[in-house]
Participant: 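Input: one structure, supplied below.
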Amino acid sequence: MLQSRWLKILRSLGLEFWLPLPLLGLAFWVGGGFLMDRILSRSHQPTNPLKVETLSAKQSRTIVLSITAQIKKHQGVSRVRVKTASKALKELEFEFPVTELNQVEAAVSQELRLPIDDVRKLMRFETENGDGMRE
(Lines give C-alpha, C1' and ligand atoms only; values in the text may rest on other atoms or scores of the structure.)
Protein backbone atom coordinates (compact mmCIF):
# COMPACT_ATOMS: atom_id res chain seq x y z
CA MET A 1 0.00 0.00 0.00
CA LEU A 2 2.82 2.35 0.86
CA GLN A 3 4.41 1.58 -2.45
CA SER A 4 1.26 2.27 -4.45
CA ARG A 5 0.77 5.55 -2.61
CA TRP A 6 4.27 6.70 -3.65
CA LEU A 7 3.57 5.62 -7.20
CA LYS A 8 0.40 7.69 -7.25
CA ILE A 9 2.30 10.73 -5.97
CA LEU A 10 5.08 10.24 -8.54
CA ARG A 11 2.55 9.85 -11.34
CA SER A 12 0.64 12.95 -10.30
CA LEU A 13 3.85 15.03 -10.37
CA GLY A 14 5.06 13.44 -13.60
CA LEU A 15 8.29 12.37 -11.90
CA GLU A 16 8.22 8.90 -13.37
CA PHE A 17 9.13 10.67 -16.64
CA TRP A 18 11.64 13.15 -15.16
CA LEU A 19 13.64 10.79 -12.90
CA PRO A 20 15.26 8.71 -15.72
CA LEU A 21 16.33 11.85 -17.66
CA PRO A 22 19.54 12.48 -15.66
CA LEU A 23 20.58 8.87 -16.25
CA LEU A 24 19.84 9.23 -19.94
CA GLY A 25 21.83 12.50 -20.06
CA LEU A 26 24.77 10.85 -18.30
CA ALA A 27 24.71 7.98 -20.81
CA PHE A 28 24.79 10.43 -23.76
CA TRP A 29 27.59 12.44 -22.15
CA VAL A 30 29.80 9.36 -21.57
CA GLY A 31 29.01 7.90 -25.00
CA GLY A 32 29.66 11.21 -26.77
CA GLY A 33 32.96 11.68 -24.94
CA PHE A 34 34.09 8.18 -25.92
CA LEU A 35 33.09 8.73 -29.55
CA MET A 36 34.80 12.15 -29.69
CA ASP A 37 37.99 10.70 -28.20
CA ARG A 38 38.04 7.94 -30.83
CA ILE A 39 37.53 10.38 -33.72
CA LEU A 40 40.05 12.97 -32.54
CA SER A 41 42.77 10.49 -31.62
CA ARG A 42 42.97 8.74 -34.98
CA SER A 43 45.47 10.06 -37.50
CA HIS A 44 44.09 11.87 -40.50
CA GLN A 45 45.94 10.79 -43.62
CA PRO A 46 43.94 11.49 -46.78
CA THR A 47 44.12 8.57 -49.17
CA ASN A 48 43.48 10.67 -52.27
CA PRO A 49 45.31 14.01 -52.21
CA LEU A 50 43.75 16.87 -54.14
CA LYS A 51 45.27 17.85 -57.45
CA VAL A 52 44.95 21.52 -58.28
CA GLU A 53 45.18 22.84 -61.79
CA THR A 54 46.78 26.27 -61.74
CA LEU A 55 45.73 27.28 -65.24
CA SER A 56 42.32 26.50 -66.63
CA ALA A 57 41.43 26.24 -70.29
CA LYS A 58 38.97 29.12 -70.01
CA GLN A 59 41.43 31.48 -68.30
CA SER A 60 41.70 34.76 -70.12
CA ARG A 61 45.04 35.94 -71.43
CA THR A 62 46.91 38.48 -69.36
CA ILE A 63 48.25 41.43 -71.33
CA VAL A 64 52.02 41.73 -70.88
CA LEU A 65 53.31 45.30 -70.84
CA SER A 66 57.05 44.76 -70.39
CA ILE A 67 59.61 42.07 -69.66
CA THR A 68 62.91 42.93 -67.97
CA ALA A 69 65.56 40.26 -67.63
CA GLN A 70 68.55 40.73 -65.33
CA ILE A 71 71.25 38.22 -66.24
CA LYS A 72 73.74 37.44 -63.48
CA LYS A 73 76.49 35.47 -65.19
CA HIS A 74 78.61 35.03 -62.06
CA GLN A 75 75.65 33.34 -60.29
CA GLY A 76 74.48 31.47 -63.38
CA VAL A 77 70.92 32.73 -63.12
CA SER A 78 68.58 35.17 -64.81
CA ARG A 79 65.90 37.06 -62.93
CA VAL A 80 62.95 38.11 -65.06
CA ARG A 81 60.31 40.68 -64.08
CA VAL A 82 57.08 40.77 -66.10
CA LYS A 83 54.68 43.71 -65.78
CA THR A 84 51.07 43.08 -66.78
CA ALA A 85 47.92 45.13 -67.38
CA SER A 86 45.86 42.92 -65.06
CA LYS A 87 44.25 44.48 -61.99
CA ALA A 88 44.71 41.33 -59.94
CA LEU A 89 48.23 40.44 -61.06
CA LYS A 90 50.41 43.49 -61.63
CA GLU A 91 53.86 41.88 -61.70
CA LEU A 92 55.43 38.44 -62.03
CA GLU A 93 58.98 37.47 -61.13
CA PHE A 94 60.85 34.41 -62.35
CA GLU A 95 64.34 33.04 -61.84
CA PHE A 96 65.83 30.77 -64.49
CA PRO A 97 69.09 28.80 -64.26
CA VAL A 98 70.28 30.04 -67.68
CA THR A 99 72.36 33.05 -68.78
CA GLU A 100 72.24 32.88 -72.58
CA LEU A 101 69.85 35.38 -74.17
CA ASN A 102 68.06 32.89 -76.41
CA GLN A 103 67.63 30.44 -73.51
CA VAL A 104 66.14 33.17 -71.33
CA GLU A 105 63.73 34.15 -74.11
CA ALA A 106 62.71 30.52 -74.62
CA ALA A 107 62.17 29.99 -70.87
CA VAL A 108 60.02 33.12 -70.58
CA SER A 109 58.07 32.17 -73.69
CA GLN A 110 57.34 28.73 -72.26
CA GLU A 111 56.43 30.05 -68.80
CA LEU A 112 54.07 32.74 -70.09
CA ARG A 113 52.77 30.59 -72.96
CA LEU A 114 53.46 33.35 -75.46
CA PRO A 115 55.04 33.10 -78.90
CA ILE A 116 58.78 33.70 -78.75
CA ASP A 117 58.50 36.58 -81.26
CA ASP A 118 56.18 38.45 -78.88
CA VAL A 119 58.60 37.85 -76.01
CA ARG A 120 61.51 39.21 -78.08
CA LYS A 121 59.56 42.40 -78.83
CA LEU A 122 58.87 43.07 -75.14
CA MET A 123 62.15 41.81 -73.63
CA ARG A 124 64.76 44.21 -72.25
CA PHE A 125 68.06 42.81 -70.91
CA GLU A 126 70.39 43.94 -68.15
CA THR A 127 73.59 41.97 -67.58
CA GLU A 128 75.93 41.90 -64.60
CA ASN A 129 79.46 40.66 -64.89
CA GLY A 130 81.33 38.96 -62.03
CA ASP A 131 82.28 42.18 -60.17
CA GLY A 132 78.68 43.44 -59.88
CA MET A 133 78.99 46.05 -62.64
CA ARG A 134 76.21 46.32 -65.20
CA GLU A 135 77.03 46.13 -68.85
Participant: CD/Gln110 to CZ/Phe96 distance, rounded to the nearest 0.5 angstrom?
Facilitator: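 Reported value, rounded in 0.5 Å steps: 8.5 Å.
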
Participant: CZ of Arg124 to OG of Ser66: how many Å apart, nearest 0.5 Å?
Facilitator: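 So the CZ of Arg124 and the OG of Ser66 are separated by 7.5 Å.
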
Participant: Measure the spacing between CD1 of Ile39 and CZ of Phe34 and express it to the nearest 0.5 Å.
Facilitator: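 If I round to the nearest 0.5 Å, the distance is 10.5 Å.
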
Participant: Measure the shortest side-chain to side-chain distance between Val104 and Phe125 over non-hydrogen atoms and say whether it is less than 4.5 angstrom.
Facilitator: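 Contact flag for Val104/Phe125 side chains = yes.
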
Participant: Taking atom CD1 of Ile71 and atom CZ of Arg79, what is their separation to the nearest 0.5 Å?
Facilitator: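 Nearest 0.5 Å value for the CD1-CZ distance: 12.5 Å.
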
Participant: Quick one: pull up CD1 in Ile67 and CG in Leu112 and give me the separation to the nearest 0.5 Å.
Facilitator: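 Rounded to the nearest 0.5 Å, the CD1-CG separation comes out at 5.5 Å.
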
Participant: Taking the side chain from Thr99 and the backbone from Lys73, do they hold a donor-acceptor pair closer than 3.5 Å?
Facilitator: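 Flag not set: sc Thr99 to bb Lys73 has no pair under 3.5 Å.
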
Participant: Hey, quick one: are Val119 and Leu89 part of the same hydrophobic cluster, counting side-chain heavy atoms closer than 4.5 Å, chains of contacts allowed?
Facilitator: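 Result: yes, single cluster for both.
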
Participant: Nearest 0.5 Å, what's the CE-CG distance between Met123 and Asp118?
Facilitator: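 Met123 atom CE to Asp118 atom CG measures 11.5 Å (nearest 0.5 Å).
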
Participant: In the single-linkage hydrophobic clustering (I, L, V, M, F, W, Y; side-chain heavy atoms under 4.5 Å), do Trp29 and Leu21 co-cluster?
Facilitator: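 In one cluster: no.
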
Participant: When you compare the side chain of Thr84 with that of Ile63, does any pair of heavy atoms fall below 4.5 Å?
Facilitator: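 No, their side chains stay 4.5 Å or more apart.
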
Participant: Given the rule in the side chain to side chain contact (heavy atoms under 4.5 Å, CB included) test, do Phe94 and Val82 qualify, once you have shown the distances and angles that lead to the verdict?
Facilitator: CA-CA 8 Å; Phe94 300 102; Val82 179; 4.0 Å; yes

Participant: Determine whether a donor-acceptor pair (N or O, by modelled atom type, separation under 3.5 Å) exists between the side chain of Ser109 and the backbone of Glu105.
Facilitator: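 Absent.
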
Participant: Before giving the answer on side chain to side chain contact (heavy atoms under 4.5 Å, CB included), spell out for Glu126 and Thr68 the whole-Å C-alpha distance, their side-chain angles and the decisive distance to 0.1 Å.
Facilitator: CA-CA 8 Å; Glu126 296 175 4; Thr68 305; 4.0 Å; yes

Participant: Any salt bridge linking Arg81 with Glu91? Criterion: basic side-chain nitrogen under 4.0 Å from a carboxylate oxygen.
Facilitator: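 Between Glu91 and Arg81 there is a salt bridge, with a charged N closer than 4.0 Å to a carboxylate O.
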
